[in-house]
Amino acid sequence: MKLSVKKKKVDSGMDKAKNVISNDSKFAIVEGYKIARTNVVFSLTAMNNNCVAVTSWSKGEGKSTATVNLAISFAKMNKRVLLIDTDLRRPNLHNLLKLDNKTGASDVIAKMGSFEKAVHHDVISYLDVLTSGAIPPNPSELIGSPYFAELLKKAKEEYDYVIMDTPPLGVVADTLLLKDFVAGYVLVVREKVTTHGDIENALQNVRLADSKVLGFLKVGCSTRGKGYKSRKYNYNYNNYYYSR
């Protein structure tokens, strides 16, 4: 009698990442990110800029997960995408994606590592990731340095799209140092966490920096009853909303 042996499935780091969209994700959530992607693409095209920053007002609003999911959605267009963790104070992407963080953005900026070796290639098809690297004593100075400008110039030339996960606006000012490199900011807001005051503060800070918010990505939304229609947001997809 021949016994069949069932092979154990080996998960990749992306498969293990909590709340990161995959082939097994709910259709509504995947479609919600496609809607977000389409709106961002139109904004980038209109401004002739292939770089966008994703931020929030405070920590714990799901910003990094939303940024990863947006980047995955972009990669699904078969466009070369680079996702960069620019939160040098409180790095998160390497933990979220189960990636090595020995060498990353801070090391490249400080000339302690090469861009080519620091980038994690093909985390999924068409998506590369540059983690934050070692936590430096002077993150604001590094982000505002000409060496960071060199890194980003190279990235924008080599990739179709560059998406940056940035620190929360209400925590540190590092995010606004990126304003000259990006088309604008996508602001992540979480239902029952982000307040109207938080949103107003975020918008005011971005305006004072002479930049713009391209749109809002709302996450953590409760499922509404049958027949519910969103009047506040342009699109309503189960757990995720996107509004211009």
Side-chain angles (χ1 to χ4, degrees), residues 32-59 61-75 77 79-88 92-93 105 127 129-130 139-140 143-144 148-149 151-190 194 196-219 232-235 240-244:
Y33 276 104
K34 285 183 181 179
I35 293 293
R37 177 191 72 195
T38 299
N39 281 274
V40 174
V41 167
F42 278 127
S43 295
L44 294 178
T45 302
M47 301 186 71
N48 193 29
N49 194 323
N50 66 339
C51 184
V52 64
V54 183
T55 190
S56 61
W57 178 248
S58 60
K59 62 182 182 180
E61 293 178 306
K63 168 187 58 66
S64 293
T65 301
T67 306
V68 169
N69 288 340
L70 188 62
I72 292 172
S73 186
F74 268 79
M77 297 190 298
K79 299 291 185 181
R80 294 194 65 213
V81 180
L82 178 65
L83 173 61
I84 307 177
D85 189 348
T86 62
D87 192 343
L88 305 185
N92 190 40
L93 285 189
L127 176 62
V129 177
L130 179 60
S140 295
I143 292 295
F148 177 78
L151 183 158
L152 205 53
K153 181 176 183 293
K154 181 178 180 64
K156 292 172 74 172
E157 289 173 350
E158 293 189 6
Y159 291 86
D160 296 309
Y161 295 103
V162 178
I163 299 174
M164 293 189 286
D165 181 32
T166 69
L169 287 167
V171 178
V172 292
D174 297 9
T175 297
L176 297 177
L177 296 174
L178 304 170
K179 69 182 185 67
D180 293 331
F181 306 111
V182 301
Y185 298 87
V186 172
L187 184 64
V188 175
V189 296
R190 175 168 288 275
T194 311
H196 290 289
D198 293 339
I199 295 173
E200 287 298 327
N201 288 333
L203 291 173
Q204 184 177 12
N205 283 11
V206 173
R207 290 193 195 104
L208 289 174
D210 195 26
S211 188
K212 62 174 60 179
V213 170
L214 302 179
F216 300 89
L217 185 57
K218 186 180 180 185
V219 300
K232 185 176 180 182
Y233 296 90
N234 294 334
Y235 302 97
Y240 293 84
Y241 296 71
Y242 186 81
S243 175
R244 288 282 297 168

- request: Take V52 and I163 through the test side-chain contact (heavy atoms from CB on, under 4.5 Å) and record every step on the way to the result.
  value: CA-CA 5 Å; V52 64; I163 299 174; 3.9 Å; yes

query: After noting the C-alpha distance and the side-chain angles of D87 and N92, does the key distance pass the side-chain contact (heavy atoms from CB on, under 4.5 Å) rule?
result: CA-CA 8 Å; D87 192 343; N92 190 40; over 6 Å; no

message: Using the rule given for side-chain contact (heavy atoms from CB on, under 4.5 Å), can you reason through V41 versus Y161, listing the C-alpha separation, both sets of side-chain angles and the distance that settles it, and then say yes or no?
response: CA-CA 9 Å; V41 167; Y161 295 103; 3.9 Å; yes

query: Where do L217 and Y33 land on the side-chain contact (heavy atoms from CB on, under 4.5 Å) test, with the steps shown first?
result: CA-CA 9 Å; L217 185 57; Y33 276 104; 3.7 Å; yes

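Y159 and V81 make their closest contact through CD2-C, 3.6 Å (heavy atoms, listed as atom of the first residue, atom of the second, distance). Contact record, A105 with L151: O-CD1, 4.1 Å, taken as the closest heavy-atom pair. When every heavy atom of G184 is checked against every heavy atom of S211, the shortest pair comes out as CA-OG, 4.3 Å. Nearest heavy atoms, N50 versus D160: CB-O, 3.1 Å. Nearest heavy atom pair, residue V171 against residue K59, reads CG2-N, 4.4 Å. Considering every non-hydrogen atom in both N49 and A183, the closest pair reads ND2-N, 3.5 Å.
No more than 12 heavy-atom neighbours from other residues, nucleotides or ligands sit within 6.0 angstrom of NZ on K212. For K156, the NZ atom counts as densely surrounded, since its 6.0 Å shell holds more than 12 non-hydrogen atoms of other residues, nucleotides or ligands.
T166 contributes a side-chain N or O that, together with a main-chain N or O of V54, makes up a donor-acceptor pair within less than 3.5 Å. Proximity of a side-chain donor or acceptor of T55 to a complementary backbone N or O of V188 within less than 3.5 Å is not detected. Listed for the Y185 side chain is a donor-acceptor partner under 3.5 Å among the backbone atoms of T175.
One distance of note links CH2 of W57 with CG of N201; it measures 4.5 Å at 0.5 Å rounding. To the nearest 0.5 Å, the span separating CG on L70 from OG1 on T65 amounts to 12.5 Å. Atom-to-atom distance recorded for D85:CG and M164:CE is 11.0 Å, nearest 0.5 angstrom. Expressed to the nearest 0.5 Å, how far OG of S73 lies from NZ of K79 amounts to 13.5 Å. Put simply, CD on E61 and OG on S56 are 4.5 Å apart, with the number rounded to the nearest 0.5 Å. Taking CD1 of I84 as the reference point, atom SG of C51 lies at 6.5 Å (rounded to 0.5 Å).
Checking each of L177, T86, D174, V172 against P139 for a side-chain contact (heavy atoms from CB on, under 4.5 Å) leaves exactly one that passes, namely D174.
Residues I199 and F216 have side chains in contact (heavy-atom distance under 4.5 Å, counting atoms from C-beta outward). Using a 4.5 Å heavy-atom threshold, the side chains of F74 and L83 count as separate.
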